[in-house]
Amino acid sequence: MLGASKAKAKETTETAKETARATYMSPLRTAKAKGKKNMFDINLIRTDADKVAKALARKGAKADIAAVRELDERRRAVVTERDDMRNRRNAVSKEVGKIKSQGGDAAGPMAESKALGDQIKEMETEIAALDEQLTTALLLLPNMPADDVPDGTGADDNKTVRTWGDLPQLTGFEPQAHWDLGEKLGILDLARAAKLSGSGFSLFVGDGSRLVRSLINWFLDVQTFENGYTEVFPPALVNAKTMTGTGQLPKFEEELYKLRDDPLYLIPTAEVPVTNIYQDEILDEADLPRLLTAYTPCFRREAGAAGRETRGMIRVHQFDKVEMVKFTTPETSGEEHEKLTRNAEGLLERLGLPYRRLLLCAGDMSMFAAKCYDLEVYAAGVKRWLEVSSCSNFTDYQARRANIRYRTKDGKVRLVHTLNGSGLAVPRVFIAILENNQQADGTVRIPEVLRPYMGGKEFIGKK
RNA sequence: GGAGGGGUGGCCGAGUGGUUUAAGGCGGCGGUCUUGAAAACCGCUUUCCGGGUAACCGGAACGGGGGUUCGAAUCCUCUCCCCUCCGCCA
C-alpha cells in the first residue's frame with residue numbers, strides 16, 4: 001500500500017516535471033512547415049488587389065499584382081484537379097489491396113491507378129513550376145506601409161515628430177571631428193584598421209576599446225534590468241533560410257558578406273538571428289509579448305553606398321550593436337512599437353545626447369517595415385545628425401516569411417507581429433560622445449551613466 | 001574528419017509494402033457521477049493546401065529532397081540534425 005502510493009507519487013512528480021518542462025520549452029517546439037507560400041498575404045491580393053497595389057505604390061514598388069493573381073488562379077485550378085485525381089487513385093489502390101487479399105485478379109484497377117499516377121505526376125511538375133514563379137514574385141513584394149505613415153519618396157519627406165536636448169555649446173574652440181579627436185587621444189586607430197582589413201573598419205585602443213565595451217554592457221543592462229528584455233547571444237553566421245525569414249534574401253544579397261566554402265552569411269544585424277529564433281514555431285498567446293535583446297557584431301558590405309562617408313567611423317563594414325526584438329499579437333504591435341522606440345530614446349537621454357525622432361515616409365522605409373521611426377543624434381564635430389537607431393514594426397511580414405505564429409486563448413493559430421530597433425548602435429554613439437563632450441583641451445567628458453563601467457573615470461585623456 | 005546508432009502526433013512510444021482513416025500510454029479539453037474535489041468511466045485532441053457563408057468535403061504531412069511501386073511511416077538514394085566511440089582542437 002505504502003509502496004504503491006509511493007510509486008504513484010513518484011510517477012506523478014515525474015509527470016509534473018515533464019509537464020513543467022514541456023510548458024517551459026513550449027516556445028521552442030518546432031511546428032511542421034513545408035511547401036508553403038508564406039511570403040506575402042496572398043489572400044489580401046485575392047480579395048483586395050487594388051488596396052495592395054495602392055499601398056505598394058506608396059512604397060515606390062513596381063509590382064505586377066495582376067500577374068500574381070493570374071499565377072495564383074492557374075495554380076489553384078491545377079491543384080484542385082490534382083487533388084481530385086489523387087482522391088480517385090487512393091480509392092482504386094484501396095480496391096487493388098482488397099482484391100489481392102482475396103486472391104483475385106486486380107490487373108484492371110492497377111492499370112487505371114498507374115494511368116492516374118502518370119497524370120498526377122505531370123500536374124505536379126506544373127504545380128512546382130507555378131509555385132516557384134509565385135514564390136519568387138511574392139518574396140519580392142515589400143510590406144505595406146501603415147495608414148499613419150506619410151506619403152513621400154525620400155529622406156526629405158520624413159517627418160520630425162520629436163526632438164530632445166539642446167545642441168552642444170562648444171564655445172571658444174573649433175570642435176574636432178571624431179577621427180581627429182580619437183587619434184589624438186590614442187583611442188581610435190583607423191589607419192591601422194585599414195592596414196588590417198581595408199577602409200571601413202575600426203581599431204579601438206585603450207579607453208576607446210573600454211568605451212565600446214562599456215556602451216555594450218550598459219545598453220544590455222538597461223534593456224534587461226529595467227526594460228524587461230531577455231538577453232540572448234546568437235550566432236553571427238546564419239543560413240539562407242534565416243536570411244530569407246527576415247527579408248535580407250533574396251533581394252539584398254549584395255549587401256551581405258557570404259562565406260566561400262559554406263552556405264552561410266554574416267549577419268548585418270542581430271535582428272536576423274534573434275527574430276528567426278522562433279522560425280517555424282507556434283508560440284502561446286500567454287508568452288506574448290516576448291521581448292528579446294542581443295549584442296552582436298554586425299557586418300555590412302555597404303555595396304550601394306560605396307564612396308559615401310569614407311572618412312571616419314560614420315559608415316563601417318563591421319560594428320557593434322545591441323538590438324531589441326519583440327514578438328507581439330497584432331492588437332498590441334502599435335503600442336509596443338512606441339514603447340520600444342521610447343526604450344531607445346531613454347538611452348540617448350541618459351547619455352545626454354541631443355536627438356530627434358523621424359517618422360519615415362512610405363518611400364524611405366525599408367522594404368519590410370510597415371512603420372518606422374529613425375532616431376538621429378547630433379554630433380558636434382561633423383555637425384550632422386547621425387542615425388543611431390531604426391525602430392520598426394514589421395506587422396506580419398517577417399512572421400509570414402519566417403512562419404512565426406501563436407495560438408490564441410481559444411485555440412486559433414495566427415501570425416505574430418515582429419518589431420525591432422537598435423538600442424543602440426555603438427559607433428555613432430561613440431562619435432557623438434566624443435564630439436559633443438570634447439573640451440577645449442582635447443579631453444572628453446565621460447557621461448555619468450558610463451563611469452561605473454569606465455573604472456570611475458570622468459574624462460578620457462586627462463592624466 | 002572516421003565508424004556506428006537514431007529522428008513517428010504537445011510528450012513518451014508501437015509500427016519492415018495494402019482494415020494505420022498512425023496502436024497504446026501520458027498530458028490537455030469537454031462530459032457522466034459527486035455537496036465540492038479526486039478517482040473511475042465516456043468523448044475529443046495537429047498543421048498546411050484547395051473548395052464552401054457555414055456545417056463540412058477533398059488532398060497533403062512520420063526530419064528534408066529525390067526515387068521504386070497500382071499503393072510507402074515501412075524499400076532505395078542523397079541530405080540535415082541528434083546520440084555514442086575514435087581522431088583533431090580554442
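Atoms considered below: every heavy atom in the structure, side chains included; atoms not considered: hydrogens, waters and symmetry mates. Sequence lines set the chain letters: A, B, ... in the order given, protein chains first and strands last, and positions in each chain run from 1.
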Visitor: Respond yes when some side-chain nitrogen or oxygen of A:Arg405 is under 4.0 Å from OP1 or OP2 of B:U47, and no when none is.
Guide: no
Visitor: Rounded to whole angstrom, note down the P distance from B:U68 over to B:G10.
Guide: 31 Å
Visitor: Does any nucleotide pair with B:A14 by Watson-Crick or G-U wobble geometry, both distances under 3.5 Å, and what is it?
Guide: none
Visitor: What do you reckon, is CD of A:Glu81 surrounded by more than 12 foreign heavy atoms closer than 6.0 Å?
Guide: no
Visitor: Mind checking if A:Arg88 touches a base, just sugar-phosphate, or nothing, with heavy atoms under 4.0 Å?
Guide: nothing
Visitor: Just the rounded figure in Å: distance from C1' of B:U45 to CZ of A:Arg407.
Guide: 11 Å
Visitor: Are A:Lys339 and A:Glu336 close enough for a salt bridge, meaning some N to O gap below 4.0 Å?
Guide: yes
Visitor: NZ of A:Lys121 versus P of B:G66: gap in Å, rounded?
Guide: 11 Å
Visitor: Roughly how many Å is it from CD1 in A:Ile282 to P in B:U46, rounded to a whole number?
Guide: 11 Å
Visitor: Does the pair A:Asp48/A:Lys51 count as a salt bridge with the N-to-O cut at 4.0 Å?
Guide: no
Visitor: Please state how far atom CZ in A:Arg89 lies from atom P in B:G58, giving the value in whole angstrom units.
Guide: 17 Å
Visitor: Give me the distance, rounded to whole Å, that separates B:A22 from B:C44 when you measure between the P atoms they each carry.
Guide: 14 Å
Visitor: Picking from B:U68, B:G50, B:G18, which would you name as closest to the side chain of A:Arg76?
Guide: B:G50
Visitor: Where the side chain of A:Arg75 is defined as all heavy atoms beyond and including C-beta, which of B:U68, B:G59, B:C49 is the nearest nucleotide?
Guide: B:C49
Visitor: Side chain of A:Asp84: nearest nucleotide among B:U68, B:G58, B:G18?
Guide: B:G58
Visitor: Per the atom types in the model, does the base of B:G58 pair as donor or acceptor with the side chain of A:Asp83 at under 3.5 Å?
Guide: yes
Visitor: Suppose you measure atom C1' in B:C88 against the same atom in B:G1; what distance do you get, rounded to whole Å?
Guide: 8 Å
Visitor: For B:G31 and B:A39, measure between their P atoms and round to the nearest Å.
Guide: 16 Å
Visitor: What distance, rounded to whole Å, do you find between the two P atoms, one in B:G64 and one in B:U8?
Guide: 10 Å
Visitor: Distance between the P atoms of B:G9 and B:G4, in whole angstroms?
Guide: 27 Å
Visitor: If you take the centroid of each ring, where Trp contributes its six-membered ring, are A:Phe430 and A:Phe204 closer together than 6.0 Å?
Guide: yes
Visitor: Using the P atom as the point on both nucleotides, what is the distance between B:U34 and B:G27, in whole Å?
Guide: 24 Å
Visitor: May I have the step-by-step check of side chain to side chain contact (heavy atoms under 4.5 Å, CB included) for A:Arg300 and A:Tyr257, ending in yes or no?
Guide: CA-CA 7 Å; A:Arg300 301 183 179 182; A:Tyr257 287 104; 5.5 Å; no
Visitor: Looking across every strand, which nucleic acid part, if any, lies under 4.0 Å from A:Arg46 by heavy atom: base, sugar-phosphate, or nothing?
Guide: sugar-phosphate
Visitor: Give A:Lys94 one of three labels, base, sugar-phosphate or nothing, depending on what nucleic acid heavy atoms sit under 4.0 Å from its own.
Guide: nothing
Visitor: Say we look at B:A72 and B:C85: how far apart would their P atoms be, to the nearest angstrom?
Guide: 39 Å
Visitor: When all nucleic acid strands are considered with a 4.0 Å heavy-atom cut-off, which category describes A:Val92: base, sugar-phosphate, or nothing?
Guide: nothing
